[in-house]
Protein chains: 2
Amino acid sequence: MPRDTRQRQAIRDVLDDAGRPLSPPDILKVARKRVPGLGQATVYRTIRALVDEGWLVTVELPGQAPHYERSGLAHHHHFRCRQCERVFEVGGCPGNLKSLTPPGFRLEGHELTLYGVCSTCASD
Amino acid sequence: MPRDTRQRQAIRDVLDDAGRPLSPPDILKVARKRVPGLGQATVYRTIRALVDEGWLVTVELPGQAPHYERSGLAHHHHFRCRQCERVFEVGGCPGNLKSLTPPGFRLEGHELTLYGVCSTCASD
DNA sequence: ATAGATGCAAAGGGTTTGCACTTGA
DNA sequence: TCAAGTGCAAACCCTTTGCATCTAT
């Protein structure tokens, strides 16, 4: 069972507050505001521990380093802003995926990523 | 304008023959059968050149190094076999994506990756 | 007290770059 | 001929690991 350290606390707070998937460098940058000397190795180690515990889930985005978000969210997908590079969660799912699957293939899961411009960047 | 070298020829042949997206290491491995001393740097440089020329397109898969496929294919998506790790093209698109996009966001593109077991692996 | 956690620095794995040599045009 | 292309090795970037030190329990 993990100890309750300042570093771990800070990392969890960052992810709790973000409300969207973050990359390890994102997490390091923000968490260092609360724990100045925080090392990157600690971030990577803590992320892995939190994933193993089931507190975080890995979000794998095309062409991106993995991001992490809190677990327990309903089935959803992601939208990546091409301007600010932030990743947002989007509800729902297009469904109908079985019909795309070739005959003889067994469909077990899927990932959908939308690309475009977020509302913040679009209004500039 | 690029020269017609054995290396470049071999790399294009490999991609032409594959019929599915390949990673740089995949390409290196197969192309070395035709050009034994082929260096990895040449593969990476040639891939980039072919992408810039528009002969290849980059296929970015979640949690994977980028793969490359011939350009000019109709809109399609990909299926990744969890057993053999190969990536296949699948026709069609679920559509209906605009309805998933949050208000104020501008949708410009999308990537869909299906996961499961391909017919070859499923029949074992 | 003491095992787990941390920070630093070095090691890894995949991709890119520098440079002298080779080769297509 | 001679610049583009190549192969090698070193450099890079991001992530992981080794290890001495620190710290929550």
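Labels below follow one simple rule: chain letters A, B, ... track the order of the sequence lines, proteins then strands, and each chain is numbered from 1.
The stretch residues 32-56 of chain B touches DNA chain C through B:Gln40, B:Ala41, B:Tyr44, B:Arg45, B:Arg48, each having a heavy atom under 4.0 angstrom from the strand. For DNA chain C, none of the residues of residues 58-65 of chain A falls under the heavy-atom distance limit of 4.0 Å.
Rounded to an integer number of Å, the gap from A:Leu28 CG to C:dG7 P is 10 Å. One atom, OH of B:Tyr68, and another, C1' of C:dG14, lie 12 Å apart when rounded to the nearest Å.
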Donor-acceptor list for residues 1-12 of chain A side chains, cut-off 3.5 Å, not counting sequence neighbours:
residue: A:Asp4; atom: OD1; partner: A:Gln9; partner atom: NE2; Å: 3.0
residue: A:Thr5; atom: OG1; partner: A:Arg8; partner atom: N; Å: 3.1
residue: A:Arg8; atom: NH2; partner: A:Glu53; partner atom: OE1; Å: 3.1
residue: A:Arg8; atom: NH2; partner: A:Glu53; partner atom: OE2; Å: 2.3

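Screening residues 30-42 of chain A for salt bridge (Lys or Arg N to Asp or Glu O under 4.0 Å) gives A:Asp13-A:Arg34, A:Asp17-A:Arg34 as the qualifying pairs, with residues at least two apart or on separate chains. Sorted by first and then second residue, the salt bridge (Lys or Arg N to Asp or Glu O under 4.0 Å) pairs with a member in residues 81-100 of chain A read A:Arg80-A:Glu85, A:Arg82-B:Glu108; sequence neighbours excluded.
Here the rule is side chain to side chain donor-acceptor pair (under 3.5 Å) with A:His78, and of A:Arg20, A:Gln64, A:Glu60, A:Glu69 only A:Glu69 fits it.
Clustering of Ile, Leu, Val, Met, Phe, Trp and Tyr by side-chain heavy atoms under 4.5 Å joins B:Leu114 with A:Phe79, A:Phe88, A:Val90, A:Leu97, A:Leu100, A:Phe105, A:Leu107, A:Leu112, A:Leu114, B:Phe79, B:Phe88, B:Val90, B:Leu97, B:Leu100, B:Phe105, B:Leu107, B:Leu112. The hydrophobic side chain of B:Val57 is isolated, with no ILVMFWY side chain under 4.5 Å apart from it. Within the hydrophobic cluster formed by Ile, Leu, Val, Met, Phe, Trp and Tyr side chains joined at under 4.5 Å, directly or through other members, B:Val117 stands alone, with no partner residue. Counting side-chain heavy-atom gaps under 4.5 Å among Ile, Leu, Val, Met, Phe, Trp and Tyr, the cluster of B:Leu61 also holds B:Val59, B:Val87.
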Quiz item: Which letter, B, S or -, goes with each nucleotide of nucleotides 20-25 of chain C from 5' to 3', with contact meaning a protein heavy atom under 4.0 Å?
Solution: ---BBS
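In this view, B:Asp16 and B:Arg70 satisfy the salt bridge (charged side-chain N to carboxylate O under 4.0 Å, His left out) rule, not counting sequence neighbours. Qualifying side-chain hydrogen bond (donor to acceptor under 3.5 Å, both in side chains) partners for B:His67, counting only residues two or more places apart in sequence or in other chains: none.
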